[in-house]
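No hydrogens, no waters, no symmetry mates; every other heavy atom, side chains included, goes into these values. All of these numbers come straight from a predicted model, not from anything done at the bench. Every chain is numbered from 1, with letters handed out A, B, ... down the list of sequences.
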Amino acid sequence: MGRVGTVVAVAGALGVAAARAARTAVGRQRARLTSVPGPTEARRTGHPRRWQVVTVDRPPEQVLPSAVWPEPLRRLGDAVEVEVARAPGGRGTELAARVRPHADWPGLSAHLLGDDPSLLVRRTLWQVKQLAETGEVLRADRMPDERGPVVPDVRPSSDGPQR
Amino acid sequence: MRALCWTSGGELTVGQVPDPELRNDHDVIVRVRRSATCGADLSLLAGQTPGLAAGDVLGHEFLGDVIEVGPQVRRHRVGDRVVVCASVACGACWYCRRGLPSCCDNGSTDPIANEAQWGHPVAGCFGQPRAAGGFAGSHAEYVRVPYADVGAFPVPESVGDDRAVFASDAAPTGWLGAEGAEVRPGDVVAVWGAGAVGQLAARAAWLLGAERVIVVDRHPARLLMARQHIGVETIDQRDSDVSAQLREFSGGRGPDVCVEAVGGPAGEHRTLADRFTGRTRVPEAVREAVYACRKGGSVFVLNGAAGHVDAFPVGTVVHKALTVRGGRQHGQRHIPMLLDRMARDELRTEHLATHHFPLERAAEGYALFRDRPDECLRAVFTPH
Ligand SMILES: NC(=O)c1ccc[n+]([C@@H]2O[C@H](COP(=O)([O-])OP(=O)(O)OC[C@H]3O[C@@H](n4cnc5c(N)ncnc54)[C@H](O)[C@@H]3O)[C@@H](O)[C@H]2O)c1
Ligand SMILES: [Zn+2]
Ligand SMILES: [Zn+2]
């Protein structure tokens with residue numbers, strides 16, 4: 001899988017025991033690079049089995065505060081495997097996830113999943129990070145398609161710019 | 001409410017759109033007092049940056065009064081007069097905590113789109129295509145401001161609206177150019193572009209102790225304004241050899257610091273055919289800057305529409321040991337200091353607001369800003 005750092009493999013994203021295992025193991029001594037992705041895999045970005053990783057600027061204890069995965073990750077259930085590692089240089093927590101082969105997506109409709117499940121995994125990791133760092137997931141303003149068409153303004157205009 | 005929107009025909013029109021609403025707990029809603037045009041909008045409107053959708057509201061340089069406050073907002077109350085940083089940053093990520101808010105990890109609602117465009121997510125911005133944040137613009141009666149404790153700042157009573165509005169974007173951008181290029185006392189500084197950003201980069205260079213500041217542009221009226229209001233020397237690039245004149249101004253050494261603040265559709269447009277063939281623009285000002293800059297000096301690039309360029313003299317960077325940097329403004333870090341300077345009259349900016357329009361006539365304001373740069377430096381809209 002090819003990640004350097006304190007690597008803790010967690011079997012299945014769900015479950016208190018798994019999360020607890022992650023918490024206690026975090027902070028163990030550094031594991032060496034276990035395997036390097038082959039050239040073919042490395043070239044194919046967006047490979048569904050590639051690890052998606054974000055660094056959360058908070059210690060692992062804060063990223064997984066209650067021995068339960070944060071909600072955005074929980075939604076993906078057993079369809080992903082997740083790793084947690086302390087980031088080097090005091091940069092917080094490296095949170096990694098990837099799609100399990102032949103994953104069974106819990107109650108997720110096809111349109112949520114799209115063609116590329118790793119995109120959904122990546123988006124979910126960003127949400128976990130945002131929640132841990134800011135306490136919320138930032139929402140866009142209502143976009144034009146939600147707002148309906150612009151109604152042209154028909155007020156009369158005065159003459160000449162005001163300097 | 002009324003707002004200036006992009007239409008499907010590629011034009012601007014003022015129309016009725018729904019009022020903004022609080023979407024996150026750290027939001028406030030601001031009733032807009034002033035909202036200004038920015039050179040960055042011109043490249044948007046010229047189609048150089050893809051992605052505006054019909055109904056998108058433009059504008060990102062603004063100030064106004066807080067009229068609604070989200071439950072987690074601590075620093076603002078209804079009635080506060082605030083200037084809002086044009087870019088959106090969380091204040092809590094690794095980058096924000098290190099004073100690099102324009103590199104914020106959590107400032108955009110679509111970090112994945114950002115990753116595709118820049119390699120990493122960057123701070124959002126008001127009034128841009130969806131992929132650049134997801135926040136409606138300020139050329140409107142009201143605006144929603146996310147992370148309001150981080151990006152909105154109370155304006156000292158003595159600072160008027162036409163001065164304070166530029167603390168939103170032009171002033172922190174100019175400041176970044178001078179500070180980021182590490183202007184030191186005694187330096188000779190050259191600034192390309194006599195727009196609001198270039199003039200305020202020049203002013204920042206003075207405030208940081210520069211000995212001589214020279215502004216380069218092609219519009220005599222803008223250069224005159226820079227001489228009168230900022231006290232700089234100027235070079236009209238239409239009738240002089242810029243590099244030669246800069247050498248003359250700097251004892252043959254070349255400027256210690258060069259700031260590129262040019263913009264708008266000043267370079268050639270990138271047409272659809274260009275995109276198809278991969279042909280890119282030549283970065284005239286940056287190229288001029290790296291040739292002119294003294295050995296070991298530094299060049300700071302502010303042009304947000306720089307995009308892709310070709311024919312760039314990388315060898316000059318190597319052989320002259322230059323530092324070339326770029327950046328979007330870090331207003332969250334600089335705005336309080338800039339407002340202080342405004343209150344002390346060290347930073348005067350109201351001359352930049354050459355034209356005022358009511359919001360209904362905002363489209364006309366943009367046409368003037370785009371087509372008559374010699375006359376109009378910034379069109380400022382007053383929605384109320
Ligand atoms: N980095 C940021 O955070 C940030 C924020 C705001 C604006 N900007 C950028 O700053 C730039 C300036 O903004 P502005 O509002 O002052 O724009 P503006 O359009 O009002 O002014 C730009 C000026 O540059 C001049 N110019 C164009 N090509 C030139 C060249 N080759 N040499 C010398 N001068 C040249 C134009 O004549 C014009 O006067 C824009 O590119 C804008 O996108 C960046
Ligand atoms: Zn701007
Ligand atoms: Zn941030």
Greatest number of heavy atom pairs closer than 4.5 Å to chain A - which of Pro121(B), Cys96(B), Cys376(B): Pro121(B)
Side-chain donor-acceptor contact under 3.5 Å, His229(B) with Gln199(B): no
Phe126(B) and His139(B) aromatic centres sub-6.0 Å: no
Chain A interface, residue from Gly107(B), Ala92(B), Cys90(B), Gly124(B) that has the most non-hydrogen pairs under 4.5 Å: Ala92(B)
Glu115(B), part contacting chain A, at a heavy-atom distance under 4.5 Å: side chain
Engaged part of Asp27(B) at the chain A interface, taking heavy atoms whose separation is under 4.5 Å: neither
Portion of Thr7(B) that has a non-hydrogen atom of chain A nearer than 4.5 angstrom: neither
Ring geometry between Phe357(B) and His355(B) (parallel below 30°, tilted from 30 to 60°, perpendicular above 60°): parallel
Proximal component of Val137(A), with respect to chain B [non-hydrogen, under 4.5 Å]: backbone
Pair Asp141(A) + Arg23(B), salt bridge at N-O below 4.0 Å: no
Contact class of Asp162(B) relative to chain A, heavy atoms under 4.5 angstrom: neither
Whether Arg34(B) side chain and Asp161(B) backbone form a donor-acceptor pair below 3.5 Å: no
Backbone of Phe62(B) reached by a side-chain donor or acceptor of Ser35(B) within 3.5 Å: no
Most contacts with chain A, counted as non-hydrogen pairs under 4.5 angstrom, among Gly134(B), Pro20(B), Ser108(B), Gly365(B): Gly134(B)
For chain A, the option from Val380(B), Thr109(B), Thr13(B) that forms the most heavy-atom pairs under 4.5 Å: Thr109(B)
Considering all heavy atoms, the nearest Gly195(B)-Arg222(B) contact: CA-NH1, 3.4 Å
His384(B), NE2: over 12 other non-hydrogen atoms inside 6.0 angstrom: yes
Segment of Pro146(B) engaging chain A (4.5 angstrom heavy-atom cut-off): side chain
Interface moiety of Tyr95(B) toward chain A, non-hydrogen atoms closer than 4.5 Å: neither
